[in-house]
Amino acid sequence: MTATTADERLLRTSPLRKLLGRPELGSVVGAVAVFVFFAIVADSFLRAASLSTVLYASSTIGIMAVPVALLMIGGEFDLSAGVLVTSSALVSSMFSYQMTANVWVGVGVSLLVTLAIGAFNGVMLTRTNLPSFIITLGTFLMLTGMNLGFTKLISGTVSTKSISDMEGFSSAHDLFASTFTIGGVDFKVTILWWFGLVAIASWILLRTRVGNWIFAVGGNRDAARAVGVPVNKTKIGLYMGVALGAWISGQHLLFSFDVVQSGEGVGNELIYIIAAVIGGCLITGGYGSAVGSAVGTFIFGMTSKGIVFAEWNPDWFKFFLGAMLLLATLLNAWVRKRAEATK
């Protein structure tokens with residue numbers, strides 16, 4: 001090697017190459033397009049109050065989409081995530097009501113139960129080597145039946161009893177379901193939970209050893225195990241992360257409406273996965289970002305509320321959601337090819 005020949009390991013990466021290598025690039029382009037579209041067709045879309053509504057709709061999905069995205073980067077799925085949110089809320093409500101305990105006792109018990117369910121999914125996956133689709137589909141069916149069965153057994157109906165007059169409800173409401181005002185516009189506290197989770201997840205993925213493990217097990221599990229990555233612990237931890245998100249979302253559900261319907265949450269797991277995929281996560285694992293999941297969720301929020309602001313028939317929402325999923329997947333694939341071509 002001559003003195004003038006540079007070591008390829010020391011070559012600087014161009015800004016364009018760095019940009020094309022970002023997994024959330026496609027979703028950012030899509031988000032801009034959706035924003036401009038609804039800004040044109042819906043006069044009220046650009047109002048500050050409308051932005052608050054869009055952010056709230058995004059945050060209720062985004063709180064779950066963040067840990068689901070990390071799980072997908074790790075190469076797995078969780079089809080029980082939607083009903084687990086409802087399970088978390090039901091445990092908090094029914095334990096507090098039946099034990100006449102402080103609401104915070106029910107919240108704490110719910111956290112332990114929810115994390116245990118997440119750990120169950122992870123342990124079953126790592127011990128049986130069955131696909132996560134089968135494991136979590138089984139958990140989904142069990143939780144769906146338990147939510148309905150236990151609620152009817154304890155409450156006599158398909159919904160929980162009111163706990164709004166119990167000690168601790170007000171402080172729990174402040175933490176999980178309160179509203180704060182900025183510039184005369186009301187925003188829900190779930191937006192702060194969402195932003196906080198995105199920041200923490202991004203730090204884990206990009207700045208910690210655990211983040212390297214997540215990408216490694218999602219890219220090639222056997223190769224990761226060969227170099228000493230604790231594959232089983234990483235996967236169990238990812239499922240417990242999804243459970244933590246479900247607990248936060250469940251408490252918001254409970255303390256926002258006081259009464260929880262036992263049949264809620266079915267189908268939401270697909271929305272979480274869609275948001276992650278739109279945000280740049282690959283179905284095959286090993287690629288994606290927490291920021292991308294947030295952008296994908298924001299696209300969901302803009303679309304769901306933009307259709308309302310435009311005064312269109314909301315029945316078309318699922319059509320637009322499916323179209324965005326296909327377009328985002330194609331765009332993400334194109335971006336990856338462009339990024340690989342510039343290397």
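Here the structure is a predicted model, which is why all the values come from computation and not from measurement.
- Counting only distance, with no hydrogens or angles, the side chain of Thr160 and the backbone of Val260 share a donor-acceptor pair below 3.5 Å.
- In this structure, the side chain of Ser202 does not engage the main chain of Ala199 through any donor-acceptor pair within 3.5 Å.
- A donor-acceptor contact closer than 3.5 angstrom is absent between the side chains of Trp193 and Ser249.
- Annotation: side chain of Leu254 is not in contact with side chain of Leu90 (no heavy-atom distance under 4.5 Å).
- Although no hydrogens or angles enter the test, the distance criterion places a donor-acceptor pair under 3.5 Å between the side chain of Thr136 and the main chain of Leu79.
- Judged by distance alone, with hydrogens and angles left aside, the side-chain atoms of Trp194 form no donor-acceptor pair with the main-chain N or O of Ile61 at under 3.5 Å.
- Side-chain polar atoms of Asp186 and Thr181 form a donor-acceptor pair below 3.5 angstrom.
- Taking both residues in full, the closest heavy atoms of Val54 and Phe45 are given as CG2-CE1, 4.2 Å, listed atom of the first, atom of the second, then distance.
- Rounding to the nearest 0.5 Å gives a distance of 13.0 Å between NZ of Lys235 and CG of Asn121.
- The shortest side-chain heavy-atom distance between Glu167 and Val103 does not fall under the 4.5 Å cut-off.
- Remark: Phe150 CZ is loosely packed, at most 12 non-hydrogen atoms of other residues, nucleotides or ligands lying under 6.0 Å away.
- Formation of a donor-acceptor pair under 3.5 Å by the Thr100 side chain with backbone atoms of Ser96 is not found in this model.
- Proximity of a side-chain donor or acceptor of Ser304 to a complementary backbone N or O of Gly301 within less than 3.5 Å is detected.
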Expected list for residues 263-273: side-chain donor-acceptor pairs under 3.5 angstrom, two or more places apart:
| unit_1 | atom_1 | unit_2 | atom_2 | d |
| --- | --- | --- | --- | --- |
| Glu269 | OE1 | Gly267 | N | 3.3 |
| Glu269 | OE2 | Gly267 | N | 3.2 |

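- Going from atom CD of Gln251 over to atom OG of Ser93 covers 10.0 Å, rounded to the nearest 0.5 Å.
- Residue Met99 is grouped with residue Phe255 when hydrophobic side chains (ILVMFWY) are merged at heavy-atom distances under 4.5 angstrom, including chains of intermediate members.
- Note on Leu148 and Val85: separate hydrophobic clusters, where clusters join Ile, Leu, Val, Met, Phe, Trp and Tyr whose side-chain heavy atoms are under 4.5 Å apart, directly or indirectly.
- Taking the six-membered ring wherever Trp is involved, the centroid distance between the rings of Tyr239 and Phe77 does not fall below 6.0 Å.
- Note that the CZ atom of Phe140 and the CG atom of Leu84 stand 12.0 Å from one another [nearest 0.5 Å].
- Across every non-hydrogen atom of Gly279 and Ser27, the tightest pair is CA-CB, 3.7 Å.
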Under 3.5 Å donor-acceptor pairs involving side-chain atoms of residues 211-224, not counting sequence neighbours:
| unit_1 | atom_1 | unit_2 | atom_2 | d |
| --- | --- | --- | --- | --- |
| Asn220 | OD1 | Asp222 | N | 3.3 |
| Asn220 | OD1 | Ala223 | N | 3.0 |

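- Residue-environment remark: CZ (Arg47) stays at or below the threshold of 12 foreign heavy atoms within 6.0 Å.
- Leu253 is not listed as a side-chain neighbour of Thr60, based on a closest heavy-atom distance of 4.5 Å or more.
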message = Could you walk me through whether Trp104 and Phe169 satisfy the ring-ring contact (aromatic ring centres under 6.0 Å, His included) test, starting with their C-alpha distance in whole Å, then the side-chain angles of each, then the deciding distance to 0.1 Å, before giving a yes or no?
response = CA-CA 8 Å; Trp104 282 105; Phe169 184 90; over 10 Å; no
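- Judged by distance alone, the side chain of Ser155 and the main-chain N or O of Thr157 form no donor-acceptor pair under 3.5 Å.
- With hydrophobic clusters built from ILVMFWY side chains whose heavy atoms lie under 4.5 angstrom apart, Val259 does not share a cluster with Val83.
- Atom CZ of Phe180 is surrounded by more than 12 heavy atoms from other residues, nucleotides or ligands within 6.0 Å.
- Counting heavy atoms of neighbouring residues, nucleotides and ligands inside a 6.0 Å radius, atom CD of Glu311 does not exceed 12 of them.
- Grouping the Ile, Leu, Val, Met, Phe, Trp and Tyr side chains by contacts below 4.5 angstrom, directly or via other members, places Val227 with Val210.
- Counted by atom type alone, Ser162 and Asp258 present one or more donor-acceptor pairs between their side chains at under 3.5 Å.
- Side-chain contact between Ile274 and Phe300 is absent, with no heavy-atom pair separated by less than 4.5 Å.
- How far OG of Ser80 is from CE of Met142: 8.5 Å, rounded to the nearest 0.5 Å.
- Thr303 places a side-chain N or O within 3.5 Å of a backbone atom of Ile299 that can act as its donor or acceptor partner.
- Other residues, nucleotides and ligands place more than 12 heavy atoms under 6.0 Å from the CZ atom of Phe37.
- Note: Tyr56 and Phe187 fail the aromatic proximity criterion, with ring centroids not under 6.0 Å apart.
- More than 12 heavy atoms of other residues, nucleotides or ligands lie within 6.0 Å of CH2 in Trp312, so this atom counts as buried by the packing criterion.
- Side-chain contact between Thr151 and Val158 is absent, with no heavy atoms from C-beta onward closer than 4.5 Å.
- Between the side chain of Ser178 and the main chain of Leu175, no donor-acceptor pair closer than 3.5 Å is present.
- With rounding to the nearest 0.5 angstrom, the OG atom of Ser256 is 6.0 Å from the NE2 atom of His173.
- Here the side chains of Glu76 and Leu125 are in contact, with some heavy-atom distance below 4.5 Å.
- Follow the hydrophobic side-chain contacts under 4.5 Å out from Val308 and you never reach Phe317; the two are in separate clusters.
- Between the side chain of Ser110 and the backbone N or O of Gly106 there is no donor-acceptor pair closer than 3.5 Å.
- You'll find the side chain of Leu46 stays beyond 4.5 Å of the side chain of Ser50, heavy atoms only.
- Residues Gly118 and Met240 approach most closely at C-CG, 4.2 Å, considering heavy atoms.
- No side-chain heavy atom of Met166 sits under 4.5 Å from any side-chain heavy atom of Asn102.
- Note: Lys305 NZ to Ser52 OG = 11.0 Å, rounded to the nearest 0.5 Å.
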